[in-house]
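Working notes, beginning with the structure itself.
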Amino acid sequence: MTDEQEQKMILVLGGTGKTGRRVVARLRGREMQVRVGSRSAAQPFDWTDRTSWAPVLRDVGAVYVSFYPDLAMPGAPETVGAFADLAVASGVSRLVLLSGRGEEEAQAAEKLIQSAGVDWTILRSSWFSQNFSEDYLREPVLGREVVLPVGDVPEPFVDADDIADVAVAALTEDQHAGQIYELTGPRLLTFADAVGEISKATGRRIDLVPVSVEDYTGALAAEGVPAEAVELLTYLFTTVLDGRNALLADGVQRALNRPPRDFADYAKEAAATGIWNNE
């Protein structure tokens with residue numbers, strides 16, 4: 001970073017989310033000035049309220065852009081592009097976008113970040129390992145039955161800690177400017193394989209139960225899950241999980257000069273915290 005960039009704040013959007021809070025913790029551990037961008041922050045940020053954007057951009061030199069709920073949502077690329085334009089006009093000189101691997105909408109957002117006129121880095125991530133422990137799949141794991149509309153298509157599950165490490169590097173080191181990093185784990189696993197690793201790590205039987213998309217979304221709707229969330233999950237399990245991402249990439253290795261963390265190591269570490277204990 002330049003001296004001017006080092007004196008400015010780093011804004012982490014989605015700063016309380018799976019990757020964002022890890023980025024915040026790492027930056028604070030390095031005693032860097034960090035501003036958390038979230039609806040619950042002291043200075044609230046909300047993607048749907050554009051009046052909240054300018055205040056959080058004050059005195060900011062770099063931004064970690066994590067869009068909520070997902071770049072696949074209608075209008076997401078345009079929203080990200082509008083934010084990028086305001087950020088640059090506000091004096092931001094570096095943008096790091098958390099993108100989705102194999103998602104057309106996400107790539108539309110990438111192009112808008114790339115054309116904003118400042119340093120940029122794109123982090124294309126695959127399915128987060130932590131979805132099993134810090135998100136909607138934790139409860140099914142606790143219930144020892146994970147019901148999903150998935151088949152035998154493998155996915156290169158990526159660890160959120162790896163994503164955060166790459167994001168921090170991109171936010172603080174000049175050599176990552178202009179790079180697109182495809183972030184995956186070191187091997188391909190089906191969802192059955194992943195659940196099997198969790199079962200092994202916990203020492204308890206946990207079953208993956210494949211169902212049709214119709215049955216899955218019908219059950220979600222019956223539980224009162226908002227239609228927008230059901231639509232997003234349908235897109236992720238049908239379009240994105242069609243095999244397009246069933247290949248490994250070297251983004252973590254290129255960015256950090258180390259291999260990515262394996263899903264089995266994630267499962268062992270998560271199990272050791274008690275996150276999957278019913279007691």
Side-chain angles (χ1 to χ4, degrees), residues 1-43 45 56-57 59-68 87 92-101 113 118-135 157-186 249-263 265-270 272-273 275:
M1 299 182 78
T2 65
D3 291 340
E4 182 181 355
Q5 286 172 325
E6 287 178 354
Q7 292 168 7
K8 285 195 167 187
M9 190 85 62
I10 296 177
L11 172 63
V12 179
L13 300 183
T16 57
K18 274 197 290 295
T19 63
R21 64 183 175 81
R22 288 172 163 86
V23 172
V24 169
R26 284 160 170 73
L27 291 171
R28 285 178 173 164
R30 294 168 64 165
E31 299 184 345
M32 307 198 80
Q33 295 186 76
V34 186
R35 180 174 293 147
V36 175
S38 75
R39 286 176 291 187
S40 59
Q43 178 65 64
F45 172 84
V56 300
L57 284 166
D59 300 320
V60 167
V63 185
Y64 177 65
V65 183
S66 175
F67 184 82
Y68 180 84
V92 169
S93 58
R94 179 168 295 173
L95 297 168
V96 177
L97 175 69
L98 178 64
S99 186
R101 198 165 179 244
I113 290 288
V118 295
D119 287 349
W120 55 265
T121 309
I122 306 297
L123 313 183
R124 285 184 186 160
S125 65
S126 42
W127 204 284
F128 295 0
S129 300
Q130 278 76 6
N131 285 339
F132 288 98
S133 54
E134 301 175 18
D135 210 333
F157 293 91
V158 64
D159 196 288
D161 285 312
D162 283 344
I163 298 172
D165 285 344
V166 176
V168 169
L171 287 164
T172 60
E173 300 169 5
D174 295 336
Q175 68 265 33
H176 305 288
Q179 295 293 323
I180 297 177
Y181 291 124
E182 298 239 357
L183 307 180
T184 74
D250 64 353
V252 174
Q253 181 71 48
R254 282 201 298 124
L256 303 176
N257 292 314
R258 67 161 176 81
R261 188 158 74 138
D262 190 77
F263 189 92
D265 295 324
Y266 148 75
K268 290 173 191 172
E269 186 175 305
T273 69
I275 194 76

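Computed from heavy atoms alone, side chains included, the values below leave out hydrogens, waters and symmetry copies. For the single chain, residues carry numbers from 1 onward in sequence order.
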What is the minimum heavy-atom distance between [X] and [Y], and which atoms define it?
| X | Y | value |
| --- | --- | --- |
| I275 | S133 | CG1-O, 3.4 Å |
| L95 | A87 | CD2-CB, 4.3 Å |
| T172 | R30 | OG1-NH2, 3.5 Å |
| L171 | A62 | CD2-CB, 4.1 Å |
| R94 | D174 | NH2-OD1, 2.7 Å |
| R26 | D161 | NH2-OD1, 3.1 Å |

Test item: [X] side-chain N/O and [Y] main-chain N/O as donor-acceptor pair under 3.5 Å:
| X | Y | answer |
| --- | --- | --- |
| E182 | R124 | no |
| Y266 | S129 | yes |
| R35 | V56 | yes |
| S125 | G100 | no |
| D159 | P260 | no |

Flag the pair [X] / [Y] as yes when at least one side-chain heavy-atom distance between them is below 4.5 Å, and no otherwise.
| X | Y | result |
| --- | --- | --- |
| F128 | I163 | yes |
| W120 | V65 | no |
| L97 | T121 | no |
| Q179 | R254 | yes |
| Q130 | D135 | no |
| L183 | V166 | yes |
| I122 | L98 | no |
| V63 | I10 | no |

* Asked: Hey, mind stepping through D162 and R258 against salt bridge (Lys or Arg N to Asp or Glu O under 4.0 Å) and telling me if it holds?
  -> CA-CA 10 Å; D162 283 344; R258 67 161 176 81; 2.8 Å; yes

* Once the angle between the rings of F263 and F132 is folded into 0 to 90°, is it parallel (under 30°), tilted (30 to 60°) or perpendicular (over 60°)? ->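 Perpendicular.
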
* To do: Look at atom CD of E31 and say whether more than 12 heavy atoms of other residues, nucleotides or ligands are closer to it than 6.0 Å.
  =>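 No, not enclosed.
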
* Verify whether one side chain among E173 and H176 offers a donor that lies under 3.5 Å from an acceptor in the other. =>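 Yes, because at least one side-chain N or O of E173 sits under 3.5 Å from a partner of the opposite role on H176.
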
* Do T19 and Y64 have side-chain atoms, one donor and one acceptor, less than 3.5 Å apart? ->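 Result is yes, a qualifying pair exists.
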
* Which distance, rounded to the nearest 0.5 Å, do you find between the CD of Q253 and the OG1 of T184? ->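 These two atoms lie 11.0 Å from each other.
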
* Could you grab the distance from atom OG of S66 to atom NZ of K18, nearest 0.5 Å is fine? =>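 So the gap between those two atoms works out to 9.5 Å.
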
* D165/R261 ion pair, N-O < 4.0 Å ->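 No.
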
* Side-chain ion pair, R22 and E134, N-O less than 4.0 Å ->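 Looking at R22 and E134, the cut-off is met.
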
* Asked: Could you walk me through whether F45 and L13 pass the side chain to side chain contact (heavy atoms under 4.5 Å, CB included) check?
  -> CA-CA 8 Å; F45 172 84; L13 300 183; 3.9 Å; yes

* Asked: Yes or no on side chain to side chain contact (heavy atoms under 4.5 Å, CB included) for V36 and R28, after CA distance, side-chain angles and deciding distance?
  -> CA-CA 11 Å; V36 175; R28 285 178 173 164; 3.7 Å; yes

